[in-house]
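Please read the structure below before turning to the comments.
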Amino acid sequence: MSRPPFPPFSRETAIAKIRAAEDGWNGRDPAKVAQAYTPDSRWRNRSEFPVGRAQIEAFLTRKWAKELEYRLIKELWAFTENRIAVRFAYEWHDADGNWFRSYGNENWEFDAEGYMAVRHASINDVPITEEERKFHWPQGRRPDDHPGLSDLGL
């Protein structure tokens with residue numbers, strides 16, 4: 001099995017890879033999302049360091065149980081042969097109805113088959129009001145005509 005597009009990346013293939021990742025995460029299916037990573041993928045996500053698909057799936061299960069009505073937008077920052085740097089923002093609320101916008105940056109490294117082998121994420125949460133939300137599409141994939149981060153001034 002493989003996960004195109006493959007390195008080395010062009011601007012177009014890096015953007016396609018980013019959109020595929022965004023779509024997967026917006027689908028919020030931990031088992032499916034975990035399959036985009038190598039079996040021994042290494043992560044740094046805030047203060048957690050999952051290794052391998054089973055730990056990634058467990059991490060995502062916990063994440064999406066806490067971060068309700070999760071909606072994510074990712075955008076290309078830079079790329080090289082087998083690495084992509086991404087900036088992102090996502091909106092969610094907790095069980096008490098408090099809304100947040102989480103801003104972050106990710107550095108990704110891929111193997112030759114297109115699986116992500118390394119993911120480093122730095123993320124900051126900012127409380128927002130429901131009126132300050134900018135991501136209003138129905139749960140799931142962001143519509144193609146919905147503005148991206150730069151268009152939204154984020």
Side-chain angles (χ1 to χ4, degrees), residues 3-5 9 14-79 83-111 114-154:
R3 297 202 54 106
F9 296 112
I15 290 170
K17 198 69 154 175
I18 292 165
R19 183 59 193 241
E22 176 188 312
D23 291 349
W25 282 59
N26 277 329
R28 295 174 306 133
D29 180 339
K32 185 176 178 182
V33 172
Q35 293 305 306
Y37 302 91
T38 61
D40 60 347
S41 185
R42 294 175 291 113
W43 281 24
R44 179 184 53 76
N45 194 97
R46 299 179 194 254
S47 62
E48 293 192 54
F49 299 85
V51 176
R53 289 178 178 159
Q55 288 183 17
I56 291 168
E57 183 176 342
F59 169 85
L60 293 171
T61 299
R62 288 190 312 276
K63 172 184 179 61
W64 290 322
K66 174 189 167 204
E67 296 177 353
L68 308 175
E69 294 194 58
Y70 177 96
R71 290 172 179 83
L72 165 73
I73 299 176
K74 292 182 180 281
E75 186 173 275
L76 175 66
W77 188 254
F79 67 95
R83 292 179 174 172
I84 300 174
V86 176
R87 68 187 201 95
F88 64 87
Y90 61 91
E91 293 179 349
W92 57 281
H93 69 81
D94 63 17
D96 295 325
N98 300 303
W99 281 94
F100 299 87
R101 185 174 303 121
S102 299
Y103 297 94
N105 299 292
E106 294 174 306
N107 296 314
W108 300 343
E109 183 175 285
F110 294 87
D111 71 6
Y115 290 91
M116 194 181 300
V118 179
R119 175 182 175 266
H120 297 283
S122 296
I123 307 165
N124 299 299
D125 302 321
V126 177
I128 60 172
T129 65
E130 190 165 359
E131 294 74 31
E132 292 174 299
R133 291 179 53 216
K134 295 180 183 264
F135 304 173
H136 294 283
W137 66 88
Q139 288 276 215
R141 185 180 193 278
R142 176 174 54 103
D144 290 336
D145 62 349
H146 189 282
L149 295 178
S150 292
D151 297 327
L152 291 168
L154 299 175

Next item on the list: For R142 and E22, run salt bridge (charged side-chain N to carboxylate O under 4.0 Å, His left out): C-alpha distance rounded to whole Å, both residues' side-chain angles, the deciding distance at 0.1 Å, then the answer.
Entry: CA-CA 8 Å; R142 176 174 54 103; E22 176 188 312; 2.6 Å; yes
Check: Looking just at side-chain N and O atoms, do N45 and R119 make a donor-acceptor pair shorter than 3.5 Å?
Finding: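 N45 vs R119: donor-acceptor pair found between side chains.
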Next item on the list: Using distance alone, with no hydrogens and no angle criterion, decide if N105 and S122 have a side-chain donor and acceptor under 3.5 Å apart.
Entry: no
Is the backbone of [Y] close enough, under 3.5 Å, to the side chain of [X] for a donor and an acceptor to pair up by distance?
| X | Y | answer |
| --- | --- | --- |
| D29 | A31 | yes |
| Q35 | K32 | no |
| Q55 | V51 | yes |
| S41 | Y37 | no |
| K17 | P5 | yes |
| S102 | A89 | no |
| N107 | H120 | no |
| R101 | I128 | no |

Verify the ring-centre separation between [Y] and [X]: is it less than 6.0 angstrom?
| X | Y | value |
| --- | --- | --- |
| Y90 | W25 | no |
| Y103 | F88 | no |
| W92 | Y70 | no |

Next item on the list: Specify the closest pair of heavy atoms between L76 and A14, including all atoms of both residues, with the distance to one decimal.
Entry: CD1-CB, 4.2 Å
Next item on the list: Give the minimum heavy-atom separation between V33 and L60, together with the two atoms involved.
Entry: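 In this case the closest contact between V33 and L60 is CG1-CD1, 3.5 Å.
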Next item on the list: Could you tell me whether D144 and R19 make a salt bridge, using a distance below 4.0 angstrom between a side-chain N and a carboxylate O?
Entry: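 Salt bridge flag = yes for R19 with D144.
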[X] side, atom [atom1]; [Y] side, atom [atom2] - distance, nearest 0.5 Å:
| X | Y | atom1 | atom2 | answer |
| --- | --- | --- | --- | --- |
| T38 | R3 | OG1 | CZ | 11.5 Å |
| L149 | L72 | CG | CG | 8.5 Å |
| I84 | F9 | CD1 | CZ | 4.0 Å |
| K74 | N26 | NZ | CG | 9.0 Å |

Next item on the list: With sequence neighbours excluded, tell me which residues meet side chain to side chain donor-acceptor pair (under 3.5 Å) with H93.
Entry: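 Per chain and number, H93 pairs via side chain to side chain donor-acceptor pair (under 3.5 Å) with E69.
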Notebook entry, point to check: Does W108 have any side chain to side chain donor-acceptor pair (under 3.5 Å) partners at least two apart in sequence or in another chain, and if so, which?
Noted result: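 For W108 the side chain to side chain donor-acceptor pair (under 3.5 Å) partners, ignoring immediate neighbours, are E106.
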Check whether more than 12 heavy atoms from other residues, nucleotides or ligands sit under 6.0 Å from atom [atom1] of [X], and answer yes or no.
| X | atom1 | answer |
| --- | --- | --- |
| W77 | CH2 | no |
| R83 | CZ | no |
| R44 | CZ | yes |

Margin query: Would you say that R133 contacts W99 through its side chain, given a criterion of any heavy-atom pair below 4.5 Å between the two side chains?
Written below: yes
Next item on the list: I would like to know whether D125 and R46 meet side-chain contact (heavy atoms from CB on, under 4.5 Å); could you show each step before the answer?
Entry: CA-CA 11 Å; D125 302 321; R46 299 179 194 254; 2.8 Å; yes
Notebook entry, point to check: Please walk me through it: do E48 and R62 pass side-chain contact (heavy atoms from CB on, under 4.5 Å)?
Noted result: CA-CA 12 Å; E48 293 192 54; R62 288 190 312 276; 2.5 Å; yes
Note to self: With salt bridge (charged side-chain N to carboxylate O under 4.0 Å, His left out) as the criterion, how do R87 and E75 come out once you've worked through the C-alpha distance, each side chain's angles and the decisive distance to 0.1 Å?
What the structure shows: CA-CA 5 Å; R87 68 187 201 95; E75 186 173 275; 3.0 Å; yes
Check: So F135 and H146, would you call those rings parallel, tilted or perpendicular, with 30° and 60° as cut-offs?
Finding: perpendicular
Check: Quick one: ring-ring contact (aromatic ring centres under 6.0 Å, His included) partners of F79, sequence neighbours excluded?
Finding: none
